[in-house]
Number of protein chains: 2
Amino acid sequence: MTSKQRSAPASLATVAAAAGVSIATVSRIVNGETRRASAETVERVRKAIAVVGYHPNHAGRTLRRRESRLVAMLAPNLDNLVMAAIAASTEAALRAAGYVMILCDTHDRPDLQDEYLNAMRSQVVRGYIMVASVPSAGLKDFVADGAPMVFVNRRPPFGRGAFVGIDNVKAGADAADMLWSAGLRRCGVLAPAQGSSVTRDRLKGFCGRMRALGVTEIPAAEAAGRSHLEIGYEAARRLAARNGWLEGLMCVSDQIAYGAYRFARESGIVIPERCKLVGIDGNPLNRWIAPWLRSIEVKYEDFGEPIVELLDHVWHAGGDAEHIMPHGVA
Amino acid sequence: MTSKQRSAPASLATVAAAAGVSIATVSRIVNGETRRASAETVERVRKAIAVVGYHPNHAGRTLRRRESRLVAMLAPNLDNLVMAAIAASTEAALRAAGYVMILCDTHDRPDLQDEYLNAMRSQVVRGYIMVASVPSAGLKDFVADGAPMVFVNRRPPFGRGAFVGIDNVKAGADAADMLWSAGLRRCGVLAPAQGSSVTRDRLKGFCGRMRALGVTEIPAAEAAGRSHLEIGYEAARRLAARNGWLEGLMCVSDQIAYGAYRFARESGIVIPERCKLVGIDGNPLNRWIAPWLRSIEVKYEDFGEPIVELLDHVWHAGGDAEHIMPHGVA
DNA sequence: CTGAAAGCGCTTACAG
DNA sequence: CTGAAAGCGCTTACAG
């Protein structure tokens with residue numbers, strides 16, 4: 001039975017004393033360098049470790065090695081299954097490589113992003129995974145300093161950097177094809193007001209393809225805000241007020257489609273009979289409760305591997321790099 | 001312009017040399033002890049900090065102080081908006097109190113939970129927030145050792161510990177009332193097979209209330225698995241196969257209701273006309289795309305504050321404690 | 001095969 | 001008001 005009193009935790013010195021060997025020897029054995037020690041010593045140290053209940057203290061190791069096994073992920077929010085899928089897969093890939101991921105919620109705010117960047121540097125993290133980063137003074141400094149970074153979804157805001165994401169221009173074009181091949185000719189677009197590179201590219205791809213198909217007029221509505229749900233609702237309201245209900249709507253993200261769906265329902269419009277919705281992201285909830293939504297599928301649960309690969313690349317080779325993920329048409 | 005070469009980061013010693021003062025003085029000023037230094041010295045040090053680009057290294061501080069500002073949250077998954085809301089609010093509350101949260105995804109697996117507990121102890125974290133923890137050997141040891149822990153949603157598995165969650169028995173009873181007051185008399189229950197304390201309490205409350213209302217037969221179906229979506233689908237299938245479609249279904253969680261909804265749709269059953277669904281959790285997506293679901297509302301975005309309060313309690317006062325959160329009937 | 005020793009960056013009584 | 005010094009736990013050439 002373990003005592004309920006908290007005593008000073010055992011250190012290498014405690015183990016060394018218990019085993020009657022030097023600290024250096026214990027350190028080597030703890031770190032798996034067992035071939036350079038006699039079997040008998042290894043055994044004695046192992047026993048001592050169990051007896052005194054030793055657990056390594058990474059502060060000491062980090063201080064000495066000048067690097068930790070921590071990797072920071074900065075994400076704009078957690079309330080989106082897209083983020084959850086990216087975070088979960090990256091966490092798994094990092095863990096498999098022996099790293100621990102710290103997930104920071106920046107709320108899409110530059111000031112919080114900088115606060116976290118500084119906090120993470122103080123933790124001596126080994127790398128930064130910036131999911132949908134926002135341009136900020138601190139980020140600019142980190143990039144200039146050559147901090148090991150991988151950007152996800154949104155492209156590096158200051159040029160340099162590794163990138164993992166889909167071809168958003170193509171995804172937008174595919175969304176156009178989806179509506180077109182369903183026979184719809186008069187379609188609108190719903191998007192966030194202050195678009196990131198993601199939004200811009202998806203719009204560009206969609207409109208480009210539509211024009212190539214001979215469509216000259218593409219009604220569009222935007223709305224500001226942080227929640228794509230609310231953006232979708234408001235943009236749908238504006239578009240309907242201006243252009244009435246169109247045959248189809250291309251929504252820059254599935255969450256925007258969810259918002260548009262709600263406004264349609266409240267307006268007595270039946271989706272998809274009266275108006276077809278197409279989104280981008282392939283939200284995993286679609287097949288369960290949003291069967292009315294057709295979406296460009298992105299396998300965010302596959303992002304973890306290439307993200308860690310690129311981080312590795314940044315560590316060892318350095319220099320820019322990108323990994324474009326495939327997307328599907330469900 | 002910052003150099004693109006990475007040089008050794010500035011330490012207190014760098015600053016001290018640049019300012020022509022001792023390391024101790026710089027340390028004091030960095031830590032805000034400015035009243036014990038002359039204004040002139042403070043100014044000189046501040047300037048030196050800016051010039052050499054100093055940023056504190058927490059490894060050194062943690063080693064010396066024998067404690068960090070890190071708090072670990074272990075959660076069974078991220079792919080549920082319930083978790084996202086708890087994580088986001090806790091992160092905000094911790095940040096306001098000067099702590100940094102590390103979010104770990106245990107995938108509801110005892111082995112991973114133990115792996116993370118050990119990793120977090122090595123990071124010298126100051127506390128552990130166990131969201132829906134699972135019983136494990138490591139957890140038992142940590143509890144016995146008196147590690148500072150707050151349990152969320154699921155009760156402490158080994159007796160001792162602080163707890164934040166709702167009154168699940170009452171929530172189950174409220175769900176029963178919801179169906180009853182809608183005039184439904186023949187209702188079934190959908191639940192996960194290996195129920196946690198959450199599931200058990202919700203079922204207990206529901207069945208107890210139903211019996212009190214004179215209902216003697218309550219058809220129930222269970223299914224195993226990790227995904228409540230799939231559990232809901234499968235349990236609905238089993239119940240329908242055994243009892244046909246009932247008037248109403250009480251789903252232990254909203255995610256289970258989503259699963260049941262899909263099975264109903266695939267079976268040509270119209271929800272809610274043919275069968276009413278009641279869930280528990282108040283998933284924020286309901287109002288957007290699941291208007292057919294009535295749910296017992298839980299404000300998970302309010303959990304952060306009491307969680308941090310209880311952690312504080314554990315640190316200072318110690319001993320068991322609990323904070324029961326209210327829930328609503330939407 | 002093993003150990004003594006230096007040093008990572010920081011804090012903190014203590015002395016002055 | 002300021003500094004010299006010890007020490008937190010660990011790793012790692014180096015010597016033997």
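Just so we're on the same page: letters track the sequence lines, and every chain starts at 1.
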task: Could you go through the side-chain contact (heavy atoms from CB on, under 4.5 Å) check for A:L70 and A:V124 one step at a time?
output: CA-CA 8 Å; A:L70 262 22; A:V124 201; over 6 Å; no

query: Knowing that exactly one of A:T25, A:T34, A:V26 qualifies, which makes a side chain to side chain contact (heavy atoms under 4.5 Å, CB included) with A:T41?
result: A:T25

- prompt: Is A:R109 salt-bridged to A:E115, going by a charged N under 4.0 Å from an acidic O?
  reply: no

- prompt: In terms of side-chain heavy atoms of B:R64, which of D:dA6, C:dC8, D:dT12 is nearest?
  reply: D:dA6

field: Length of the line joining A:L63:CG and C:dA6:P, which is rounded to integer Å
entry: 17 Å

query: Under a 4.0 Å N-O cut-off, is there an ion pair linking A:R154 with A:D108?
result: yes

task: Would you mind reading off the distance between B:R65 atom CZ and C:dG9 atom P, rounded to a whole angstrom?
output: 18 Å

Stem list, DNA chain C (Watson-Crick or G-U pairing under 3.5 Å, at least 3 consecutive pairs): C:1-3 with D:14-16, C:5-12 with D:5-12, C:14-16 with D:1-3

message: Nearest 0.5 angstrom please: B:D79 CG to B:D105 CG, how far?
response: 8.0 Å

Polar atom pairs between nucleotides 1-5 of chain C and protein, under 3.5 Å, N or O only, would you list them?
| unit_1 | atom_1 | unit_2 | atom_2 | d |
| --- | --- | --- | --- | --- |
| C:dT2 | OP1 | A:S38 | OG | 3.3 |
| C:dT2 | OP1 | A:T41 | OG1 | 2.4 |
| C:dT2 | OP2 | A:S38 | N | 3.0 |
| C:dT2 | OP2 | A:T41 | OG1 | 3.4 |
| C:dG3 | OP2 | A:S22 | N | 3.0 |
| C:dG3 | OP2 | A:S22 | OG | 3.1 |
| C:dG3 | OP2 | A:T25 | OG1 | 2.7 |
| C:dG3 | N7 | A:R28 | NH2 | 3.3 |
| C:dG3 | O6 | A:R28 | NH2 | 2.3 |

query: Could you walk me through whether B:R160 and B:M149 pass the side-chain contact (heavy atoms from CB on, under 4.5 Å) check?
result: CA-CA 10 Å; B:R160 291 187 54 193; B:M149 280 195 173; over 6 Å; no

- prompt: NE2 of A:H55 versus C1' of D:dC10: gap in Å, rounded?
  reply: 17 Å

Atom-pair distance (CD1 on A:I29; P on D:dG9), nearest Å: 20 Å

Euclidean distance, atom CZ of residue A:R61 to atom P of D:dT11 [Å, nearest integer]: 5 Å

- prompt: Looking across every strand, which nucleic acid part, if any, lies under 4.0 Å from B:S11 by heavy atom: base, sugar-phosphate, or nothing?
  reply: sugar-phosphate

Nucleotide C:dT11, atom C1' - distance to NE2 of B:H58 in whole Å: 14 Å

task: Take the angle between the ring planes of A:F142 and A:Y128 and call it parallel below 30°, perpendicular above 60°, tilted in between.
output: perpendicular

- line: Rounded to whole Å, the CZ-P distance (A:R121 to C:dG9) equals 15 Å

message: Holding to ring-ring contact (aromatic ring centres under 6.0 Å, His included), I want the full list of residues that pass it with B:F151, two or more places apart in sequence or in another chain.
response: none

query: Between A:L12 (CG) and D:dT12 (P), how many Å, whole number?
result: 12 Å

query: Between OH of A:Y300 and CG of A:L81, what distance do you get to the nearest 0.5 Å?
result: 11.5 Å

- request: Ignoring backbone atoms, test whether B:S27 places a side-chain nitrogen or oxygen under 4.0 Å from the OP1 or OP2 oxygen of C:dT11.
  value: yes

field: Distance below 4.0 Å between A:N57 side-chain N/O and D:dC8 OP1 or OP2
entry: no

- line: The answer to which of A:E33 and B:R66 contacts DNA chain D further toward the 5' end, by nearest nucleotide, is B:R66

